[in-house]
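The next block holds one structure in the form of structure tokens; read it before the comments.
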Amino acid sequence: SLSFKGPPSRPFFVHVAMSVPSGRQHRASGRLLRWLLAPIALLPAPVAALPATVQGRRLLVEGGAPLHIKGVNWNPIPIGGTHPAQLDYGAYVRDDARLMSEAGVNVLRTYEALTDRAVLDQLWQHGIQVINTLWSWAGEPVDQVRGRVDAVKDHPAILMWSLGNEWNYNGCYTGLSVDDCAALIGEAARMIKERDPAHPVATVYGNAPPQHLVQRLADVDIWGINYYEELTFSDLFKTWEATSEKPMFLGEYGADAYNAIAGAIDTAAQAHATSVLTQEIVSNSVIHGGVCTGGIIFELSDEWWKDGGGSPHEHDIGGVAPGGGPHPDKTFNEEWWGLTTIDRAPREAYHAFASVAIPKPRECAGSVLPGAARVCSQADGCRVMAHDMGARSCASYCGDQGLVCAGAWKDETSSCKIEVKVPCDDATHGNLVLVCQCAAAKLLQSVTDALARESEGLRYACTRGGCSWI
């Protein structure tokens, strides 16, 4: 007999019991044993949890690599069901994980706690990690987060914990003041960290939070922002850069598939908004020196329960138009937000979302410079803002990567500006951030010449007639 104990993400035990005959049958029984044990090789090996860590504006995962979130919000409710009574992760995870994976999704966000380890196993097998919302409704005690954390904190699919959802708008779904909600969010964050100091804690706010609130919630490591303004994020990224040095991501963004102006389904407009907004997130990614850790589009599939004036058994047309909102009608048509229909048929927006690639770190002479808080050059990854240098110089930093230092500057404003030049071998900078310009040895002279021209206020520009410094 052959029996297995334990899910794929945890150590399992195998028990084999069989009789072994003698003589000519012994060789056959050996083949039988190998046949019985063969499925074990196909099972996923037990893996260790990979909690994210925060470094400046970046979220680092396995091997210290910076993460760019390409995510979806996931709230699978069947036709006729309502939230949260009929929320059913288990019934939908097999097909939904495949859809997410094929669209390049690496992270999902829930609106209720996900503590089903079998569901997490399937997500992890598809390379998807979870921003797990542990608490958002003030109708239940915040100390519920303790048991929810303990249930899955060792699972590799858990990326981070999250608290609340645009609670400045909904008063933690009970009409509380922003101050009262903030107090509960802070209390829950402290409880989470007591149970699990390894994973970051996020909260999701409606629009950019004020600086005093970010400072007040010191136990919140990363902020999600729900933002809807047609085809742009406007000045959101600049606002966040001036507000905090913590990481941020888009907790919700996108457009629905119904056009209230035309009075008709408009999947083309939804796809266009999805493409434009997702690309803007990529353009502002921390991977390339921006302030955004990525975005979580709203949402994977339609939910038919959301129009309060309709029926959960029907796909209702109804929404609110607060004066600003999604493309093209500035109306939140609540039951039409899915990249797929409720039956999981992909819309044009699904394919538009899938086509936007996760950004990759820029390389310098064939390698990504480690420990860089920000890449300061647009053309390559050779000029970086280096944090935690201690008593190291830029010459030492570049040398560790088999490169040479072509320039070094103190960065007193963490802005990537090359203003206060220091020698490459200067290790007396104290706790100041350094901007280091590395280069391959054979290119040192050309890089040095380029830096000299740059310091003179010149820039390198190319036209059809050739390239020159102007």
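In this text, all values refer to a predicted model and were calculated from it rather than measured experimentally. Worth knowing before you read on, the calculation uses all heavy atoms, side chains too, and leaves out hydrogens, waters and symmetry mates.
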Sub-4.5 Å side-chain heavy-atom contact between D266 and D329: no
Minimal non-hydrogen separation, I222 against P247, with atom names: CG1-O, 3.4 Å
Residues N75 and E303: side-chain donor-acceptor under 3.5 angstrom: yes
SG-SG under 2.5 Å, C364 vs C438: no
V152 and W161, any side-chain heavy atoms less than 4.5 Å apart: yes
Donor-acceptor pair, side chain of R57 and main chain of E241, under 3.5 angstrom: yes
No-hydrogen, no-angle side-chain donor-acceptor test under 3.5 Å, W337 and N73: no
Heavy-atom side-chain proximity of V204 to R109 below 4.5 angstrom: yes
Side-chain donor/acceptor of S234 to backbone N/O of L236, under 3.5 Å: no
Check: W167/T203 side-chain N/O donor and acceptor closer than 3.5 Å: yes
Pairs involving residues 132-207, ordered by first then second residue, that meet disulfide bond (SG atoms under 2.5 Å apart) (sequence neighbours left out): C172-C181
V130 and T110: CA distance, side-chain angles, deciding distance, side chain to side chain contact (heavy atoms under 4.5 Å, CB included) verdict: CA-CA 8 Å; V130 178; T110 65; 4.1 Å; yes
Ring center gap for F298 and Y228 short of 6.0 angstrom: no
L87 vs Y111 side-chain heavy atoms within contact, under 4.5 Å: no
Side chain proximity check, L59 to P200, heavy atoms < 4.5 angstrom: yes
Side-chain donor/acceptor of T340 to backbone N/O of A345, under 3.5 Å: no
Side chain to side chain donor-acceptor pair (under 3.5 Å) evaluation trace for N165 with Y173: CA-CA 9 Å; N165 179 59; Y173 296 107; 3.1 Å; yes
Closest approach of T174 to G139 (non-hydrogen atoms, all atoms of both residues): CG2-N, 3.8 Å
Electrostatic pair R98:E102 at N-O distance under 4.0 angstrom: yes
Atom pairs and distances, donor-acceptor, side-chain atoms in residues 346-358, under 3.5 Å, two or more places apart:
unit_1: R347; atom_1: NH1; unit_2: D302; atom_2: OD1; d: 2.9
unit_1: R347; atom_1: NH1; unit_2: D302; atom_2: OD2; d: 3.2
unit_1: R347; atom_1: NH1; unit_2: G338; atom_2: O; d: 2.8
unit_1: R347; atom_1: NH2; unit_2: D302; atom_2: OD2; d: 2.6
unit_1: E348; atom_1: OE2; unit_2: T267; atom_2: OG1; d: 2.7
unit_1: Y350; atom_1: OH; unit_2: L99; atom_2: O; d: 2.7
unit_1: S355; atom_1: OG; unit_2: A352; atom_2: O; d: 2.7

Closest non-hydrogen atom pair between I77 and I342, with its separation: O-CD1, 3.7 Å
Close side-chain approach of Y253 to I281, heavy-atom, < 4.5 Å: yes
Check: H155 ring centre within less than 6.0 Å of W124 ring centre: no
H288 side-chain N/O to P359 backbone N/O, donor-acceptor pair under 3.5 Å: no
Check against side chain to side chain contact (heavy atoms under 4.5 Å, CB included), N226 and Y205: CA-CA 6 Å; N226 293 357; Y205 202 77; over 6 Å; no
Any donor-acceptor N/O pair, R216 side chain to D179 backbone, under 3.5 Å: yes
Sidechain-backbone polar pair: K70 side chain, G104 backbone, donor-acceptor under 3.5 Å: no
Heavy-atom side-chain proximity of H199 to I192 below 4.5 angstrom: no
Y89 and D96 side chains, donor-acceptor separation under 3.5 Å: no
S275 backbone acceptor or donor facing Q279 side chain under 3.5 Å: no
Donor-acceptor under 3.5 Å (Q211 side chain, S244 main chain): no
Stepwise side chain to side chain contact (heavy atoms under 4.5 Å, CB included) check, V93 with W74: CA-CA 10 Å; V93 65; W74 190 46; 4.0 Å; yes
Validation row: L120, I158 side chains within 4.5 angstrom (heavy atoms): yes
Salt bridge (Lys or Arg N to Asp or Glu O under 4.0 Å) partners of R94, counting only residues at least two apart: none
Closest heavy-atom pair and its distance - A189, L163: N-CD1, 3.6 Å
Residues which pass salt bridge (Lys or Arg N to Asp or Glu O under 4.0 Å) with E334, listed by chain and number, not counting sequence neighbours: K306
Check: N106/H68 side-chain N/O donor and acceptor closer than 3.5 Å: no
Closest heavy-atom pair and its distance - L403, A365: CD2-CB, 3.7 Å
Residues 314-321, side-chain donor-acceptor partners within the protein, below 3.5 Å, at least two apart:
unit_1: H315; atom_1: NE2; unit_2: E335; atom_2: O; d: 2.6
unit_1: D316; atom_1: OD2; unit_2: S311; atom_2: N; d: 2.8

Derivation of the side chain to side chain contact (heavy atoms under 4.5 Å, CB included) call for V107 and F249: CA-CA 12 Å; V107 173; F249 63 93; over 6 Å; no
Check: V54 main-chain N/O paired with K246 side-chain donor or acceptor under 3.5 Å: no
Side chain N168, main chain V178, donor-acceptor under 3.5 Å: no
Listed once per pair and sorted, the side-chain hydrogen bond (donor to acceptor under 3.5 Å, both in side chains) pairs that draw on residues 132-146, sequence neighbours left out: E140-R148
